[in-house]
Amino acid sequence: MIEKLIEGFDTTRFQIDLIEWYNKYKRDLPWRKDQDPYKIWVSEIMLQQTQVDTVIPYFQRFIEQFPTPKALAEADEQDVLKAWEGLGYYSRARNLHTAVKDVVIRYNGRVPNDGKQLLTLKGIGPYTRGAIMSIAFNEPYPAVDGNVMRVFSRVLKIEDDIAQAKTRRLFEKVVGKIISKENPSAFNQGIMDLGATICTPKSPQCLLCPVQSHCRAYAEGIEQWLPVKSKAKKKKRISYISLLIQDEHGQIMIEKRPNEGLLANLWQFPMIPIKEVCLKHLPKYVYEKYGIHIRLENKQGELRHVFTHLIWDIEIFQAKTTDKVENDRLKQVSQEALADYPFPVPHQKMMQYI
DNA sequence: AAAACGGGGAA
DNA sequence: TTCCCAGTTTT
């Protein structure tokens, strides 16, 4: 059934047209300066669900700070999270940290040139395995992401719903057939660049496309209707009150989030679901949860933060205390010391209200 | 198969 | 507002 999709498709000519275009127009990106599999790996993890322009400065700082798997393996998790701060999907950073420790122990610090072994490492799934194998080791593995599915859904007029998990497997089979066996690195990166610069989600630049003559969607004028993707469900909304609690020296209370789930092990200002308590009972609630007495002061502002699957609506209040706490997950720190802890973006925004 | 998991930029 | 982005893990 894959054969049916590729019937009449000039694979060899497609490979040539794509790779020639890539060699001429490839983007100058910091992780393309050499073929160090560690750097390819870090870049691929950062690039998951994250755009190139966002990743570039993070990548450069990260490689400077952790130049080798060994350097990263020996780092504290909090320092790794701090380097990741603001990039999102923090489990990527924790999984990468776990995985490089594995690489140091099991493979003597060398990223394995082996598809099966790569897949056993935390945070490396089918896409990242394919990207590392093809880009760093020039092995013909498909690396199918949203970009690749968009390009090939148009070129081959594939109308399966790309929101379905099994559709990715279909595209992996297709790319496995079409990928250049001589230069899989340029082929895969060529598709990525094509998807990023020409074959974009809206208003693709078909007139500039190096594989226009191969594209079935273009031939039929239906490129804007592909790929097919079903709608996501509605986001859940949660309201919170967040407290900027200062003691008589101006020290501010922060808490560490649980070690699993949303924003695991990042720090935040105490945050109370509004559903669980009304304003009047807030000090009592805070005493029961955090063990300190507070005097509630003025509301400082509010903010909204939108995640993939939910929305936080946060009201920000100032508060005062004279009590002291100090443990693993609860601290009172100076305003300057806040910079030493990894905070999610909504709580970074809160700092301006102090 | 579906849900959880961040954040920013573009239309 | 809505959608998209070089996805993986957990349930």
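Each chain gets a letter, A, B and so on, in the order its sequence line appears, and its residues count up from 1. Treat the numbers as computed from the prediction; the structure is a model and nothing was measured.
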Proximity to the side chain of A:Arg304 - top-ranked nucleotide from C:dT1, B:dA2, C:dA6
C:dT1
Going by atom types only, do A:Glu44 and A:Tyr127 share a side-chain donor-acceptor pair under 3.5 Å?
yes
Say whether A:Val211 and A:Leu156 are linked into one hydrophobic cluster, either directly or through other cluster members, by side-chain heavy-atom distances under 4.5 angstrom.
yes
Starting the side chain at C-beta, find the nucleotide from B:dC5, B:dA2, B:dG8 nearest to A:Thr308.
B:dC5
With nearest nucleotides of DNA chain B determined for A:Gln48 and A:Ala165 from heavy-atom distances, which residue corresponds to the more 5′ nucleotide?
A:Ala165
Give a yes or no on whether a donor-acceptor pair under 3.5 Å exists between the nucleobase atoms of B:dG6, that is its base, and the side chain of A:Tyr89.
yes
When only distance counts, do a donor and an acceptor, one from the side chain of A:Thr50 and one from the base of B:dG6, lie under 3.5 Å apart?
yes
Distance-only donor-acceptor test, A:Arg27 side-chain atoms vs C:dA6 base atoms, 3.5 Å:
yes
Taking the nucleotide of DNA chain C with the closest heavy atom to each, which residue, A:Asn95 or A:Asp193, is nearer the 5' end?
A:Asp193
Ranking B:dA1, C:dC4, C:dG7 by distance to the side chain of A:Tyr127, first place goes to C:dG7
For nucleotides C:dT8 and B:dG8, find the distance between their P atoms and express it as a whole number of Å.
22 Å
C:dT9 P sits how many Å from A:Arg94 CZ, rounded?
12 Å
Over how many whole Å does the gap from A:Leu118 atom CG to C:dA6 atom P extend?
21 Å
Is it the case that B:dG9 (base atoms only) and A:Gln51 (side chain only) share a donor and an acceptor within less than 3.5 Å, ignoring hydrogens and angles?
no
Which whole number of Å gives the distance between the P atom of C:dT11 and that of B:dG6?
15 Å
Using the side-chain heavy atoms of A:Tyr90, tell me which of these nucleotides is nearest: B:dG7, C:dA6, C:dC4.
B:dG7
Report the distance from atom CD of A:Gln224 to atom P of B:dA11, rounded to the nearest whole Å.
16 Å
Candidate nucleotides C:dA6, B:dC5, C:dC4, ranked by approach to the side chain of A:His309 - the nearest:
B:dC5
Whole Å only: how far is the CZ atom of A:Phe307 from the P atom of B:dA3?
19 Å
A:Glu172 atom CD is separated from C:dG7 atom P, nearest whole Å, by 13 Å
Check the distance between C:dT9's P and A:Ile124's CD1 and give it to me in whole angstrom.
9 Å
Side chain of A:Val345 (C-beta onward), nearest among C:dA6, B:dG7, B:dA4:
B:dG7
Can you label the angle between the A:Phe269 ring and the A:His347 ring as parallel, tilted or perpendicular, going by 30° and 60°?
tilted
Under the 3.5 Å rule, do the base of C:dG7 and the side chain of A:Thr128 count as making a donor-acceptor pair?
no
Suppose we call two aromatic rings close when their centres sit under 6.0 Å apart. Are A:Tyr240 and A:Trp312 close by that rule?
yes
Result for side chain to side chain donor-acceptor pair (under 3.5 Å) between A:Gln268 and one of A:Lys256, A:Arg257, A:Gln348 points to A:Arg257
Given DNA chain B, 5'-ward residue of the pair A:Lys202 and A:His305, judged by closest heavy atom
A:His305
Touch class at under 4.0 angstrom, heavy-atom based, for A:Pro227 against every strand present:
nothing
Looking across every strand, which nucleic acid part, if any, lies under 4.0 Å from A:Arg257 by heavy atom: base, sugar-phosphate, or nothing?
nothing
Describe the nucleic acid contact of A:Trp84 in one word from base, sugar-phosphate, nothing, applying a heavy-atom distance below 4.0 Å.
nothing
Between the side chains of A:Glu3 and A:Lys177, is the shortest nitrogen-to-carboxylate-oxygen separation below 4.0 Å, so that they form an ion pair?
yes
Ranking A:Lys122 and A:Ser91 by the position along DNA chain C of their nearest nucleotide, the one closer to 5' is A:Ser91
Between A:Arg129 and A:Ser134, do the side chains contain an N or O donor and an N or O acceptor separated by less than 3.5 Å?
no
Just to be sure I understand the rule, does A:Leu263 reach a base, reach only the sugar-phosphate, or reach nothing, if contact means heavy atoms closer than 4.0 Å?
sugar-phosphate
Can you check the A:Leu47 CG to C:dG7 P distance for me, whole Å?
8 Å
Would you mind classifying the nucleic acid contact of A:Leu29 as base, sugar-phosphate or nothing, using non-hydrogen atoms under 4.0 angstrom?
base
Could you check whether A:Gly195 gets within reach of a base, just the sugar-phosphate, or nothing at all, counting any heavy atom under 4.0 Å?
nothing
Please report the distance, rounded to the nearest Å, between CG in A:Leu87 and C1' in B:dG8.
10 Å
